[in-house]
Asker: 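Can you read through this structure? Questions will come right after.
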Amino acid sequence: MLRQLSQKNIKENWKEYKVHIEKAFVSTPGGNVINSGGPQDTYKVIYKQLMDPHNKTTHLWVDDAKNYLILTQIQKCMYTGKKTLLITSQTRFKKTNSKTSKQIYLDIHNTIGKFAKENQCVGMYAYSDLDYFAKMAKETYEWSKVITRYQFYFPL
């Protein structure tokens, strides 16, 4: 089961969490380009947002078995005013079997989805370069009604 981490937990374990967030952000060829200010600046910003008691938009999640770490952010569309929850980063602490991976996918949908609804979000977005997520979206379409789109990033 996923749970949102407290600021105290994040502060006490930030060095470990930071390593995994950084790994997730740069695991894709060219992924480092997105961190144009340099990785250290990026993680300082993430940490600052997670530690800000007035910031309710950035969240860090972990499952009970400490297999997965997930970073989310609530975003508000400047045109419609509608909010969505963006799954910014998801990574594993260690290798897991397919049953565990499938359970995390379900937990994301159920636990983080419930959190998003409670925060008046109309949906969730997840960007990933992993074919696994596209496969899971197809497998779970009947109950999740996921809409699959392609995102293209053109580095300049």
Side-chain angles (χ1 to χ4, degrees), residues 1-25 27-28 31 34-35 42-94 96-151 153:
M1 182 63 138
L2 286 173
R3 61 183 166 83
Q4 186 179 356
L5 295 173
S6 67
Q7 288 181 330
K8 180 181 180 202
N9 182 297
I10 294 167
K11 187 174 185 175
E12 290 172 355
N13 298 289
W14 178 246
K15 285 183 181 179
E16 178 185 11
Y17 298 153
K18 179 185 165 203
V19 169
H20 292 288
I21 293 170
E22 184 175 13
K23 180 180 154 192
F25 274 174
S27 62
T28 304
I34 294 170
N35 298 336
T42 302
Y43 308 113
K44 283 180 186 176
V45 171
I46 292 169
Y47 183 75
K48 184 179 176 183
Q49 288 179 344
L50 290 167
M51 290 293 102
D52 182 348
H54 303 291
N55 179 6
K56 304 294 183 209
T57 61
T58 307
H59 326 93
L60 200 57
W61 305 78
V62 71
D63 66 311
D64 291 335
K66 215 168 179 190
N67 290 315
Y68 282 84
L69 183 73
I70 301 166
L71 180 67
T72 62
Q73 182 180 40
I74 295 176
Q75 298 182 330
K76 188 173 183 178
C77 177
M78 62 187 270
Y79 305 114
T80 65
K82 293 183 179 184
K83 294 193 279 185
T84 54
L85 187 129
L86 174 65
I87 300 171
T88 307
S89 173
Q90 175 181 328
T91 189
R92 295 185 300 226
F93 285 99
K94 55 192 171 206
T96 57
N97 59 36
S98 64
K99 182 181 175 186
T100 302
S101 295
K102 202 171 258 194
Q103 185 59 49
I104 290 298
Y105 183 90
L106 296 174
D107 282 352
I108 288 171
H109 189 273
N110 295 333
T111 305
I112 295 179
K114 181 178 182 248
F115 174 82
K117 284 180 190 176
E118 289 169 355
N119 284 277
Q120 293 78 47
C121 293
V122 295
M124 295 187 296
Y125 279 107
Y127 300 119
S128 176
D129 299 313
L130 302 177
D131 293 334
Y132 172 77
F133 290 106
K135 180 180 164 232
M136 285 302 298
K138 286 179 185 173
E139 284 183 22
T140 62
Y141 177 79
E142 287 304 313
W143 59 266
S144 67
K145 303 294 185 222
V146 67
I147 297 168
T148 303
R149 294 187 170 142
Y150 297 100
Q151 177 183 359
Y153 178 72

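Hydrogens, waters and symmetry mates are skipped; everything else that's a heavy atom, side chains included, is used. For clarity, every value in this text was computed on a predicted model and none was experimentally measured.
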Asker: Tell me if a side-chain donor or acceptor on Lys56 pairs with a main-chain N or O of Pro53 at a distance below 3.5 Å.
Answerer: yes
Asker: For atom NZ of Lys82, decide whether the heavy atoms of other residues, nucleotides or ligands shown that lie under 6.0 angstrom number more than 12.
Answerer: no
Asker: Any chance you could measure Asp63, atom CG, to Tyr68, atom OH, to the nearest 0.5 Å?
Answerer: 8.0 Å
Asker: Would you check if Arg3 and Val62 make a side-chain contact, meaning some heavy-atom pair closer than 4.5 Å?
Answerer: yes
Asker: Identify which one of Thr72, Ile21, Asn9 satisfies the side chain to side chain contact (heavy atoms under 4.5 Å, CB included) criterion when paired with Leu60.
Answerer: Ile21
Asker: Where the side chain of Asn119 meets the backbone of Cys121, is there a donor-acceptor pair that is under 3.5 Å apart?
Answerer: no
Asker: Applying salt bridge (charged side-chain N to carboxylate O under 4.0 Å, His left out), name anything that partners Lys117, two or more places apart in sequence or on another chain.
Answerer: none
Asker: CD/Gln73 to OG1/Thr57 distance, rounded to the nearest 0.5 angstrom?
Answerer: 5.5 Å
Asker: Could you work out, with ring-ring contact (aromatic ring centres under 6.0 Å, His included) as the rule, every residue matching Tyr47, not counting sequence neighbours?
Answerer: Trp14
Asker: Can you find a heavy atom in the side chain of Leu5 that is under 4.5 Å from one in the side chain of Tyr17?
Answerer: yes
Asker: Are the side chain of Glu12 and the backbone N or O of Ile10 linked by a donor-acceptor pair below 3.5 Å?
Answerer: no
Asker: Give the minimum heavy-atom separation between Tyr43 and Lys18, together with the two atoms involved.
Answerer: CB-CE, 3.9 Å
Asker: Check whether any side-chain heavy atom of Ile87 lies under 4.5 Å from a side-chain heavy atom of Leu85, and answer yes or no.
Answerer: yes
Asker: Before you tell me yes or no, could you show the steps for Leu2 and Ile70 under side-chain contact (heavy atoms from CB on, under 4.5 Å), namely the whole-Å CA-CA distance, both residues' side-chain angles and the distance that decides it to 0.1 Å?
Answerer: CA-CA 9 Å; Leu2 286 173; Ile70 301 166; 3.9 Å; yes
Asker: Given Ile74 and His59, is the side-chain contact (heavy atoms from CB on, under 4.5 Å) satisfied, shown in steps?
Answerer: CA-CA 9 Å; Ile74 295 176; His59 326 93; 3.7 Å; yes
Asker: How close do Ala116 and Met124 get, heavy atom to heavy atom, and via which atoms?
Answerer: CB-CG, 4.2 Å
Asker: Output the distance between atom NE2 (His20) and atom CG (Leu69), rounded to the nearest 0.5 Å.
Answerer: 7.5 Å
Asker: Can you tell me if Lys11 uses its side chain to pair, donor with acceptor, with the backbone of Met51 under 3.5 Å?
Answerer: no
Asker: Going through the distances and angles, do Thr111 and Met1 end up as a side-chain contact (heavy atoms from CB on, under 4.5 Å)?
Answerer: CA-CA 8 Å; Thr111 305; Met1 182 63 138; 3.4 Å; yes
Asker: Which atom pair, heavy atoms only, marks the closest approach of Trp61 to Gln4?
Answerer: CE3-N, 3.3 Å
Asker: Kindly compute the distance separating NZ (Lys114) from CD1 (Ile112), expressed to the nearest 0.5 Å.
Answerer: 13.0 Å
